[in-house]
Amino acid sequence: MEVYVSGPVIVILLALILVALIVLIVVLLRRRSGTGPSAPAPAPAAPRDPFAAEDQVAGDPRTLKAGDMVEYLGTRYFVRGSLRLKEGGYTWSEHLLDADTIEGTKVWISVEEDPDLEVVWWTEHDPGEVTPTERTIVVDGVEYRRDEHGTADYTSEGTTGVGVQGRVEYVDYEGPRGKYLSFEQYGGGRWEAGLGERVPTGSMTIYPGSGG
């Protein structure tokens, strides 16, 4: 049995096939060029504090403890122990690093919020005959002005060189461009001194210890 298809029907079929091909080509081209339906715009970032702790360092210095590692200016140090200090309702921490790498000189990090987070890098300084009785003290050509004086209770964790708990008297001096001089006297002993520099933004990385 033979089926005859008239000329007009063939023309219509060819036209439909051509239209389908054109539609397919257009769809493929739009997908390739990315002109198809646009993806939803990302939600705007929430407002944030430009001086928040995460901008200061990689890791949260407020959680530092013995066993953690700190990288600063290309050198890594382990935290050997921590002092947790309290004066009235105000608290702060000091952390001893394993930096007998600098000719036996002790190196500390202090962490406090007053109200912004401040991290200071401290190196041991021999005060000689100097005691914190003057309003200004000059060390290595830098003048420091007396800023604070108080007595705090402390508890010790890990290795710090002081007792498990006790009281410490401190006298803090402030110099130019984020420099500090601090005197501490534990349990009425001799005055110990340290020179401090504020840790610049992004210059410190914290690696939590295995117990973190």
Side-chain angles (χ1 to χ4, degrees), residues 61-70 72-73 75-115 117-199 204 206 209 211:
R62 293 168 295 189
T63 64
L64 273 173
K65 62 187 182 307
D68 290 349
M69 180 184 289
V70 171
Y72 183 57
L73 301 181
T75 303
R76 292 186 175 184
Y77 308 86
F78 279 103
V79 178
R80 298 188 60 192
S82 303
L83 291 176
R84 313 294 180 180
L85 301 108
K86 182 176 182 180
E87 183 179 14
Y90 182 63
T91 61
W92 70 98
S93 299
E94 297 178 0
H95 308 277
L96 176 65
L97 306 184
D98 66 338
D100 39 24
T101 53
I102 308 177
E103 301 177 357
T105 301
K106 290 183 180 179
V107 177
W108 292 77
I109 298 172
S110 65
V111 182
E112 58 182 305
E113 292 181 279
D114 189 27
L117 180 66
E118 183 177 75
V119 181
V120 178
W121 186 270
W122 297 92
T123 54
E124 186 178 36
H125 172 68
D126 183 0
E129 300 299 320
V130 177
T131 57
T133 56
E134 303 296 328
R135 296 184 63 85
T136 61
I137 296 177
V138 177
V139 179
D140 296 334
V142 179
E143 182 178 82
Y144 297 88
R145 295 183 176 276
R146 186 163 170 161
D147 181 50
E148 289 184 303
H149 177 208
T151 304
D153 296 312
Y154 71 82
T155 56
S156 175
E157 304 167 1
T159 300
T160 60
V162 299
V164 176
Q165 60 184 16
R167 290 178 65 81
V168 56
E169 182 179 3
Y170 65 89
V171 184
D172 291 338
Y173 289 75
E174 187 169 350
R177 297 180 296 279
K179 294 181 180 294
Y180 302 94
L181 169 65
S182 181
F183 291 83
E184 293 180 331
Q185 187 180 56
Y186 290 88
R190 66 180 182 86
W191 284 106
E192 300 177 10
L195 294 174
E197 291 190 8
R198 188 180 298 122
V199 173
M204 179 184 291
I206 297 170

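When reading the values below, keep in mind they use all heavy atoms of this one structure, side chains included, and skip hydrogens, waters and symmetry mates.
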key: CA sep, side-chain torsions, deciding dist, call: E169, H149, side-chain contact (heavy atoms from CB on, under 4.5 Å)   = CA-CA 8 Å; E169 182 179 3; H149 177 208; 2.7 Å; yes
request  = Assess whether side-chain contact (heavy atoms from CB on, under 4.5 Å) is satisfied between L64 and V70, documenting all intermediate values.
outcome  = CA-CA 9 Å; L64 273 173; V70 171; 3.9 Å; yes
Would a distance-only check, ignoring hydrogens and angles, find a side-chain to backbone donor-acceptor pair under 3.5 Å from [X] to [Y]?
| X | Y | result |
| --- | --- | --- |
| D98 | F78 | yes |
| E113 | L117 | no |
| R62 | S93 | no |

Taking the side chain as every heavy atom from C-beta outward, state whether [X] and [Y] have any atom pair closer than 4.5 Å.
| X | Y | answer |
| --- | --- | --- |
| K65 | V79 | no |
| W108 | L83 | yes |
| D68 | H95 | no |

query = Should K106 and E192 count as an ion pair when the cut-off is N to O under 4.0 Å?
reply = no
inquiry  = Quick test of your reading of the model: are R145 and E143 salt-bridged, counting only N-O distances below 4.0 Å?
reply    =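 Salt bridge present between R145 and E143.
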List the atom of [X], the atom of [Y], and the distance in Å for their closest heavy-atom pair.
| X | Y | value |
| --- | --- | --- |
| V162 | S156 | O-OG, 4.2 Å |
| I137 | T131 | CD1-O, 4.1 Å |
| V119 | I109 | CG1-CG2, 3.5 Å |
| D172 | S182 | OD1-OG, 2.7 Å |

query = Applying the ring pair (Phe, Tyr, Trp, His ring centres under 6.0 Å) test to Y170, which of Y180, W92, W191, Y186 qualifies?
reply = W92
Find the distance between [atom1] ([X]) and [atom2] ([Y]) and round it off to the nearest 0.5 Å.
| X | Y | atom1 | atom2 | answer |
| --- | --- | --- | --- | --- |
| Q165 | R84 | CD | CZ | 15.0 Å |
| Q185 | R167 | CD | CZ | 12.5 Å |
| T91 | D153 | OG1 | CG | 12.5 Å |

task = May I have the step-by-step check of side-chain contact (heavy atoms from CB on, under 4.5 Å) for V171 and R146, ending in yes or no?
result = CA-CA 7 Å; V171 184; R146 186 163 170 161; 3.9 Å; yes
message = Between Y154 and E184, is there a side-chain donor-acceptor contact under 3.5 Å, judged purely by atom types and distance?
response =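 Looking only at side-chain atoms, Y154 and E184 do not form any donor-acceptor pair under 3.5 Å.
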query = Side chains of W122 and S110: is there a donor and an acceptor less than 3.5 Å apart?
reply = yes
request  = List the steps, then state whether side-chain contact (heavy atoms from CB on, under 4.5 Å) holds for L73 with W121.
outcome  = CA-CA 11 Å; L73 301 181; W121 186 270; over 6 Å; no
ask   = How are the rings of F183 and Y173 set relative to one another: parallel (under 30°), tilted (30 to 60°) or perpendicular (over 60°)?
value = perpendicular
